[in-house]
2 protein chains.
Amino acid sequence: MARVRKTVTIRDVAEDADVSLQTVSRVVNGGPNVRPQLRDKVRASIERLGYVPSLAAQRMSGSRSYIILAINDRERTLADWRERRGTDWVDQMLLGGILTCSKHGYRMMVELIDTHSDHVERELGAALSALQPDGVILTPPHSENRLITELLSARAIPFARIGSDVAGPGIPMTMGDEGAAHLATTRLAELGHRRIAMIAGPSQYSLSGWRIEGWKRALAEAGLPHEGLLEAGDFGYESGTRAARALLARNPDCTAIIASSDQMALAALEVARDRGLVVPRDLSLISFDNTPIVRFTQPPLTAIDQPIAETVSRAVEQLIARDEGDNGGQVIEVAAGLVERSSTAPPPPVSAPARA
Amino acid sequence: MARVRKTVTIRDVAEDADVSLQTVSRVVNGGPNVRPQLRDKVRASIERLGYVPSLAAQRMSGSRSYIILAINDRERTLADWRERRGTDWVDQMLLGGILTCSKHGYRMMVELIDTHSDHVERELGAALSALQPDGVILTPPHSENRLITELLSARAIPFARIGSDVAGPGIPMTMGDEGAAHLATTRLAELGHRRIAMIAGPSQYSLSGWRIEGWKRALAEAGLPHEGLLEAGDFGYESGTRAARALLARNPDCTAIIASSDQMALAALEVARDRGLVVPRDLSLISFDNTPIVRFTQPPLTAIDQPIAETVSRAVEQLIARDEGDNGGQVIEVAAGLVERSSTAPPPPVSAPARA
DNA sequence: ACAAGTCTTGAGAACGCTCTCAAAATGCGT
DNA sequence: ACGCATTTTGAGAGCGTTCTCAAGACTTGT
């Protein structure tokens, strides 16, 4: 409607509504003491002029920047990208974050950082200085990276540690890994499996440990053994291949595998195929993550659905609402679910010369 | 090293180096007229103090915001998310964008907008006012959305139109869709296929047309017909199922299909399986996009690799370098490649009672 | 050696907003 | 009605940068 209009500022609104800047500011920010009549008048002006406060200016004067920063590892992201592995984790985290941020008038930014080297401090510091975010979201394995958490708490920037439940600064948030592994294992036990193996993730991830615990607990509850049924990978495809081979070579009587990532499950599926095993007839398979790829494999994989987006969303809300009383170190947990598809079935009747 | 230090500002650096604010600013921004000696001194101070300019302050005073905005459709993104369809496109675009932005000291932000409704102007306007980005990246189908492009040019914000080559404001960028379709079709023709079908995308996407053109051109060059071999979908799985069924029902002699998206290719794969056709023995299949899922289907799909990340990266560079002479409406094209996997093979020897 | 440049440096305003604090208006108890 | 507490409004400074413009320090040509 207008021509190349210059930016509409709070001053324009103030003039239009014939009030002071301060009053407009109060209306915009839902300030408490404004007469309803004036408030409406100002609102009308804002509407008419199409005024939207400038994020930069808000940051400059106020205490908030309305920015939540999500940290990701540059190397890993780059590698995933080059090799066209899915970066579904990033996806999910972004979506959960962006959606929730925008609901509260915040924005989410993603920062790629070299989290391995000692550039961490430098790079993260630069990002924090430039952006001055109101909160930061850390995902595994950064959630327990000392350099990072210390830098953040030194700067007094609130942050959420996803996939970490240790005490310390930052809001710990978990995704029910122990419970999820327990759930998957129990389901397999119920189907009749007696030799249920697990391909775990790398030990530097806390969640790897939790999953192993859940698996062991379910096994114990069902009176099943776990000895020799554990292998660890690094979440990647190749490591899954190695682990699955080792597992099946060592345990010919193994009839079910839980893999700690979709990529490793895919690898296990391939290994099974190589060994002439038909999934799920001869071998049941459950994966962690439930990224889009597992719906299109042959057969589609039963998977633990990690509520990443939901968790990040919760994290954002925690960060934004931090003002209203500190969350006293209480771990926040979002539970995972099991999506049953076609890679799970009862074990073959003859297969197990178990109690040999 | 320091305690809860207050933010280091340009003033601190100026004092430390015993020069004026302005001189520091010049050094930071690579200003032209500074004595080398002074420059080094200032650099040393910056280094020592760990100074990083505040984005917000830069935006406030200067003309640039160092922000590039990428527009995505909220509904579609949300749907993809809920149904755990891969949002690889978003991924790729983000990665290409973020990486290139950070290389130039810029940041990329993603904005989800209701691009269908008439909220577009409102929502986009709000985002532009709040963020005041230095550039905007539009992806299909927004690249040719009048409301959007006009709003952007009215505000004089440079933008790139990915997947669009029409004249007008904004930098047009394409990904060689015509050439890619031609390449895929030609490859199939070389393998000996005579009835090569295409499942196209929706017509409101320019690239759908280009792909059809490339397919027809290759067919014509090989002396093959195209009549009755074209179906259109909406890029989604279900539409692919419908299209593939129609195609195969109408053309029992069809031995190859090119699908305009991975999801539709997946659907075609499933349809073929239902009809008892073995891919690639009885039917060859090539998809567009090359998202991570097509590597893990049975068989893995041969696919056109859309250089999304690369294109977005180029777009960002164009936007950042816009100052140095307008890009006179010349279309920028990044070529796509063909990734051969196992869904393509020569047609079955007997199959075609073609010249009936 | 002098005027006329060019290069280098700095001072001060401006960007758009929110803070703090004080002034004006209102409400209330007696 | 009167004083006091409370609510509502506004004025002005300040956030950290870059911009404009002017002053000082060098060059250079003659």
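By convention in this document, chain letters (A, B, ...) are assigned in the order of the sequence lines, proteins followed by strands, and residues within each chain are numbered from 1.
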**Between C:dC17 (C1') and A:I46 (CD1): distance, integer Å** = 13 Å
**Message:** Looking at B:S54, I'd like to know whether one of its side-chain N or O atoms comes within less than 4.0 Å of OP1 or OP2 on D:dG16.
**Reply:** no
**Message:** Between B:S61 and A:S63, which residue's closest nucleotide on DNA chain C lies nearer the 5′ terminus?
**Reply:** B:S61
**Item:** Per B:N29 side chain, nearest of listed nucleotides C:dG16, D:dT18, C:dG10
**Value:** D:dT18
**Complete:** B:M60 CE to C:dG16 P, in whole Å, measures 6 Å
**Complete:** Residue pair B:R26/B:Q58 against DNA chain D: nearer the 5' end by closest nucleotide is B:Q58
**Prompt:** Can you tell me how far P of C:dT20 sits from CD of A:Q22, to the nearest Å?
**Reply:** 10 Å
**Message:** In whole Å, I'd like the distance from the CD atom of B:Q37 to the P atom of D:dC26.
**Reply:** 11 Å
**Prompt:** Touch check for B:V28, heavy atoms < 4.0 angstrom, all strands: base, sugar-phosphate only, or nothing?
**Reply:** nothing
**Message:** Under 4.0 Å from OP1 or OP2 of D:dG10: is there any side-chain N or O of A:T23 that close?
**Reply:** yes
**Asked** Salt-bridged, B:K103 to B:E317, with N to O below 4.0 Å?
**Response** no
**side chain to side chain donor-acceptor pair (under 3.5 Å), paired with A:S45, selected from A:D16, A:D12, A:D40** = A:D16
**Message:** Could you tell me how far apart B:R64 (CZ) and D:dG16 (P) are, to the nearest whole angstrom?
**Reply:** 21 Å
**Request:** Provide, to the nearest angstrom, the distance between the OH atom belonging to B:Y66 and the C1' atom belonging to D:dG16.
**Result:** 14 Å
**Message:** Both A:P53 and B:L38 contact DNA chain C. Which one's nearest nucleotide lies toward the 5' end?
**Reply:** B:L38
**Asked** According to a strict under-4.0 Å criterion, is A:N33 in side-chain N/O contact with OP1 or OP2 of D:dT9?
**Response** no
**Message:** Can a donor-acceptor pair be found, under 3.5 Å and without considering hydrogens, that links the side chain of A:T23 to the backbone of A:V19?
**Reply:** no
**Prompt:** Would you say C:dT9 has OP1 or OP2 under 4.0 Å from some side-chain N or O of B:R35?
**Reply:** yes
**Item:** Residues A:R74, A:E111: salt bridge by 4.0 Å N-O rule
**Value:** no
**Prompt:** Has the side chain of B:S25 got a donor or acceptor atom that lies under 3.5 Å from a matching backbone atom of B:L21?
**Reply:** no
**Fill in**
Rounded to whole Å, CD of B:E15 lies from P of C:dA11 at a distance of 12 Å
**Request:** State which of D:dT17, C:dT9, D:dT20 makes the closest approach to the side chain of B:L21.
**Result:** D:dT17
**Message:** Please confirm whether the shortest side-chain N or O distance from B:S25 to OP1 or OP2 of D:dT18 is below 4.0 Å.
**Reply:** yes
**Request:** Look at the side-chain N and O atoms of A:Y51 and state whether any lies under 4.0 Å from the OP1 or OP2 oxygen of C:dC17.
**Result:** yes
**Asked** What integer distance in Å separates A:R11:CZ from D:dG12:C1'?
**Response** 12 Å
